[in-house]
Amino acid sequence: MNAQTILVVEDEILIRFILADTLRDIGYQVLEAANGDEGLDILSSGQVVDIMVTDVRMPGNIDGMELTRRAKSMVPGRPVIVCSAHLFRPESYPADEFFSKPYSVDALADVIARLIGDPWQKSSQTHSA
Amino acid sequence: MAEELPDPQCLIVADADVLVRNALSEYLRHCGYKVFEAATSDEVMVALEEGAAKIDALLADAELSGKFNAFELRLWVRDHHPDVEIVLAGNIDSAAKAAGHLCDEGPHLQRPYDPESVAAHIKRLLAATRRQTS
């Protein structure tokens with residue numbers, strides 16, 4: 001059985017590495033994207049993604065808000081966590097959880113486990129585009 | 001007394017194509033390496049200058065973009081981080097082969113699949129993405 005897969009979309013490489021490395025140490029499979037365009041490439045590739053964690057402001061054609069909308073349109077039941085330096089959360093935002101930066105990686109990991117279970121717990125729905 | 005495991009060797013995989021980068025990195029992690037994934041030469045430089053881990057090698061796409069191209073980056077790394085082994089790869093097959101060599105030399109002798117399978121897997125992912133976005 002394969003571990004649950006998290007897509008991390010973050011343009012700051014050290015933040016992306018620390019988050020991805022911590023989640024891998026817990027036992028999750030992690031796919032990394034450096035911006036929204038890359039995140040969309042991964043979501044479109046057919047690889048299984050059980051949950052997405054995304055920054056909002058990133059360089060490129062697609063920011064985190066647009067990426068979240070597209071991810072939800074592909075697989076509505078797949079959870080999305082948005083991380084942002086902005087403290088307010090727009091009412092129309094389609095994300096499942098919202099984390100203000102700076103955040104605790106451990107707290108984020110707890111929320112991920114609440115949304116998709118521990119690394120080896122597969123839900124009945126497979127989340128791939 | 002329990003045997004202390006050595007710290008894993010650290011690599012940077014740098015490629016502008018996220019699917020290539022992800023697949024190569026995952027292959028190298030299966031071989032026992034800790035891997036930084038970098039999308040540009042700028043990210044490589046940040047990882048080398050500010051990352052806490054000691055980097056042993058850099059596997060980079062020859063067409064990497066950013067502040068420096070791949071060849072300029074190689075010169076910069078050679079000048080500023082001479083202990084880092086640098087491998088430039090011009091295409092998916094040579095990148096997969098280079099990753100295979102790193103696995104051969106790496107912390108674990110056993111690797112989960114051969115470089116040709118890695119290259120084939122990457123090409124399938126790229127084809128799937130092109131179909132989705134066309």
Side-chain angles (χ1 to χ4, degrees), chain A residues 2-50 52-55 58-62 66-67 70-71 73-75 105 119 127-129, chain B residues 5 7-8 10-30 32-55 58 60-61 64-67 112 121-134:
Chain A
N2 293 326
Q4 303 241 55
T5 301
I6 302 169
L7 170 57
V8 170
V9 189
E10 167 62 61
D11 63 313
E12 294 188 42
I13 183 173
L14 295 183
I15 296 176
R16 189 170 77 236
F17 176 75
I18 290 169
L19 178 55
D21 206 44
T22 302
L23 294 172
R24 286 187 186 107
D25 283 346
I26 294 173
Y28 294 105
Q29 183 103 341
V30 181
L31 299 173
E32 297 179 39
N35 53 54
D37 300 84
E38 291 197 345
L40 189 59
D41 281 346
I42 292 174
L43 292 172
S44 304
S45 69
Q47 296 179 93
V48 172
V49 173
D50 295 291
M52 181 172 78
V53 178
T54 181
D55 188 10
M58 294 178 286
N61 300 313
I62 302 169
E66 178 60 24
L67 180 64
R70 296 215 197 175
S73 72
M74 288 176 180
V75 182
V105 175
H127 296 128
S128 62
Chain B
L5 294 173
D7 291 334
C10 247
L11 307 175
I12 298 175
V13 170
D15 198 303
D17 193 310
V18 64
L19 299 179
V20 175
R21 192 167 80 232
N22 281 176
L24 287 173
S25 298
E26 202 53 35
Y27 173 68
L28 289 162
R29 287 188 188 104
H30 281 305
Y33 289 103
K34 205 168 258 284
V35 182
F36 276 89
E37 297 185 31
T40 63
S41 58
D42 307 69
E43 288 202 333
V44 172
M45 294 164 72
V46 169
L48 285 169
E49 296 282 279
E50 298 177 33
K54 178 189 173 301
I55 304 295
L58 164 64
D61 177 18
L64 194 65
S65 63
K67 178 181 172 182
H121 171 61
I122 293 170
K123 290 170 188 171
R124 279 196 300 273
L125 289 176
L126 292 172
T129 305
R130 284 189 205 110
R131 280 197 299 273
Q132 287 270 1
T133 53
S134 62

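Lettering of chains follows the sequences in order, A, B, ..., and the numbering in each one begins at 1. Being a predicted model, the structure only gives us computed values, none of them experimental.
In terms of heavy atoms, A:Arg16 sits closest to B:Ala39 at NH2-N, 4.5 Å. Minimum interatomic distance between B:Leu19 and A:Ser45 (heavy atoms only, all atoms of both residues): CD2-CB, 3.9 Å.
Annotation: side chain of A:Phe17 is not in contact with side chain of B:Val35 (no heavy-atom distance under 4.5 Å). For the pair A:Ile13/B:Glu50, no side-chain contact is recorded, criterion being any heavy-atom separation below 4.5 Å from C-beta on.
A:Asn35 does not touch chain B: none of its heavy atoms, backbone or side chain, sits under 4.5 Å away. Using a 4.5 Å cut-off between heavy atoms, B:Ala16 contacts chain A through its backbone alone, with no side-chain atom that close. For A:Ile42, the parts lying near chain B are the backbone and the side chain together; criterion is any non-hydrogen pair under 4.5 Å. For B:Arg21, the part lying near chain A is the side chain, with the backbone staying farther off; criterion is any non-hydrogen pair under 4.5 Å.
We find the CD-CZ distance between B:Glu26 and A:Arg24 to be 6.0 Å, quoted to the nearest 0.5 Å. Rounded to the nearest 0.5 angstrom, B:Glu43 CD and A:Asp11 CG are separated by 8.0 Å. Once rounded to the nearest 0.5 Å, the distance linking CD of A:Gln29 with CG of B:Asn22 reads 10.0 Å.
Among B:Asp17, B:Leu125, B:Val46, B:Val18, the residue making the largest number of heavy-atom pairs under 4.5 Å with chain A is B:Val18.
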